[in-house]
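Remarks on the structure that follows.
Just follow the structure's listing: the first ligand is 1, and inside any ligand the first atom is 1.
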Amino acid sequence: MPKFAVILPAAGRSSRFRDPHYKKPFANLGGRAVWLHSAERFLNRKDVKQVIIVVSEEDREEFGRKFGANLAIMGVEVCLGGAERTDSIQNALAKVNDDIDFVAIHDAARPCTADKLVDQVFAAAEQHGAAILAVPVAATLKRAAKGQPTLIGETVDRAGLWEAQTPQVFRRELINKAYAARTAALTDDAQLVEKLGVPVALVEGSPMNLKITTKDDLRLAEQIVKVLPKAKPEGFSHPFAGDDLWR
Ligand SMILES: Nc1ccn([C@@H]2O[C@H](COP(=O)(O)OP(=O)(O)OP(=O)(O)O)[C@@H](O)[C@H]2O)c(=O)n1
Ligand SMILES: C[C@](O)(CO)[C@H](O)COP(=O)(O)O
């Protein structure tokens, strides 16, 4: 069975979440922190041999204080993030064990990923070497006019357009090669592999696999987790430390 490592980037500034007290990976979602839901989608899997969560320097102490015991029980490693998402991923890649075959990178802010989607994107990565979850664009897309952000400049043809999600899954050597060639901060990891000229498979995800960016997304996620089958790891439960996690 191929061995997978999972990297959970949770070191962003959550600026669009607009909460003065805590960042979105640590928000209360149905009684547990968002990042815990995201981690639990992988902790029960027999093919996942390593899980690394990436937190910012400013969050590290509080995170360790609140979750240190549980991280130890779950065997989740903690890595320090960087200024950009790609910096955070690069730091975590350096901690991936040598016997790992594939690396799955999954936003800690995506807590509602169904197990079957993880199965499908993992299988696609095994087949193609690189695969991501994504959803076909269903809406009509408009690009704002230059210098006039609230006026339509053009309608963008949505044919063939997909909205990328995570997990984004790559053969370990491939993602390491892509990051070694990195020259800029990019918003997802597949772009780096695309730049190598390596095809990346698109696996249809779900709008329910949403990324929590704003408070409205958290409200939607609260409804989704009610219907999402639990993937709780054995012998682990972490009562949410109230909504004062980061107060
Ligand atoms: N330097 C960064 C930036 C982002 N992330 C993580 O990457 C995921 C997706 O990023 P995004 O949704 O943009 O999170 P933020 O950067 O925190 O959001 P914002 O742009 O609103 O500040 C999140 O889990 C975030 O914590 C990270 O680990 N390190
Ligand atoms: C990786 C990602 O979730 C795919 O859509 C997205 O690019 C993350 O972007 P963000 O600006 O860091 O949220």
Side-chain angles (χ1 to χ4, degrees), residues 6-27 29 33-42 51-60 62-63 67 76-95 103-113 117-118 121 130-139 141 161-170 175 178-179 182 184-195 200-218 220-221 245-246:
V6 177
I7 295 173
L8 298 166
R13 287 179 287 276
S14 291
S15 52
R16 291 170 286 180
F17 193 64
R18 303 194 196 290
D19 190 296
H21 301 295
Y22 52 82
K23 297 175 182 172
K24 59 192 182 179
F26 316 115
L29 175 59
V34 165
W35 77 266
L36 268 174
H37 287 268
S38 303
E40 286 168 359
R41 307 320 298 182
F42 303 95
V51 178
I52 302 167
I53 186 161
V54 191
V55 299
S56 67
E57 177 66 50
E58 68 175 0
D59 293 334
R60 178 176 54 169
E62 183 77 353
F63 184 71
F67 294 103
V76 173
E77 299 171 43
V78 179
C79 172
L80 279 186
E84 303 295 336
R85 186 179 179 283
T86 35
D87 299 322
S88 295
I89 304 300
Q90 187 138 31
N91 292 352
L93 283 172
K95 292 173 71 76
V103 178
I105 301 163
H106 182 61
D107 297 328
R110 286 186 191 267
C112 305
T113 313
L117 294 180
V118 178
V121 71
I132 71 168
L133 287 183
V135 287
V137 169
L141 298 177
L161 289 188
W162 294 63
E163 179 183 312
Q165 297 184 333
T166 65
Q168 301 197 356
V169 192
F170 311 93
I175 193 66
Y179 263 85
R182 178 169 81 103
L186 301 170
T187 55
D188 83 337
D189 310 286
Q191 290 177 66
L192 290 162
V193 174
E194 295 160 46
K195 285 178 182 295
V200 179
L202 285 162
V203 177
E204 185 156 359
S206 164
M208 297 225 292
N209 179 31
L210 62 81
K211 178 167 68 78
I212 294 176
T213 302
T214 67
K215 284 287 177 65
D216 279 349
D217 298 324
L218 183 64
L220 284 172
L245 190 60
W246 291 106

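- Annotation: atom 13 (O) of ligand 2 to nearest protein heavy atom, K211 NZ, 2.6 Å.
- Taking the six-membered ring for Trp and thresholds of 30 and 60 degrees, Y22 and F17 have ring planes inclined between 30 and 60 degrees apart.
- D59 and S56 are linked by a side-chain donor-acceptor pair at a separation below 3.5 angstrom, with hydrogens and angles left out of the test.
- With hydrogens and angles ignored, the 3.5 Å screen pairs no side-chain donor or acceptor of E57 with any backbone N or O of L80.
- Nearest protein heavy-atom contact of atom 9 (O) of ligand 2 is T187 O, 3.6 Å.
- Within the 4.5 Å cutoff, the side chain of P136 has heavy atoms near those of the E204 side chain.
- Rounding to the nearest 0.5 angstrom, the gap separating the CG atom in D217 from the CG atom in L210 is 6.0 Å.
- The side-chain heavy atoms of I89 and L93, taken from C-beta on, include a pair separated by under 4.5 Å.
- Regarding atom 5 (O) of ligand 2, its nearest protein heavy-atom neighbour is A164 O, 2.7 Å.
- Counting atoms of ligand 2 from 1 in the listed order, those under 4.0 Å from a heavy atom of D188 are 1 (C), 7 (O).
- Contacts with ligand 2 closer than 4.0 Å are made by side-chain heavy atoms of D107 only, the backbone lying farther away.
- The contact shell of ligand 1, taken as protein residues with any non-hydrogen atom closer than 4.0 angstrom, comprises P9, A10, A11, G12, R13, S14, S15, R16, K24, G82, A83, E84, R85, S88, D107, A108, A109, K211.
- For D87 and R182, the salt-bridge test passes: some basic side-chain N is under 4.0 Å from an acidic carboxylate O.
- Inspection of the N91 and S88 side chains reveals no N or O donor paired with an N or O acceptor under 3.5 Å.
- Distances from atom 10 (P) of ligand 2 to the heavy atoms of R110, Q191, R16, E84 show the closest one on R16.
- Below 4.0 Å from some heavy atom of R85 lie the following atoms of ligand 2, by number and element: 1 (C), 12 (O).
- Taking 4.5 Å as the limit, every side-chain heavy atom of R85 sits out of range of all side-chain heavy atoms of T187.
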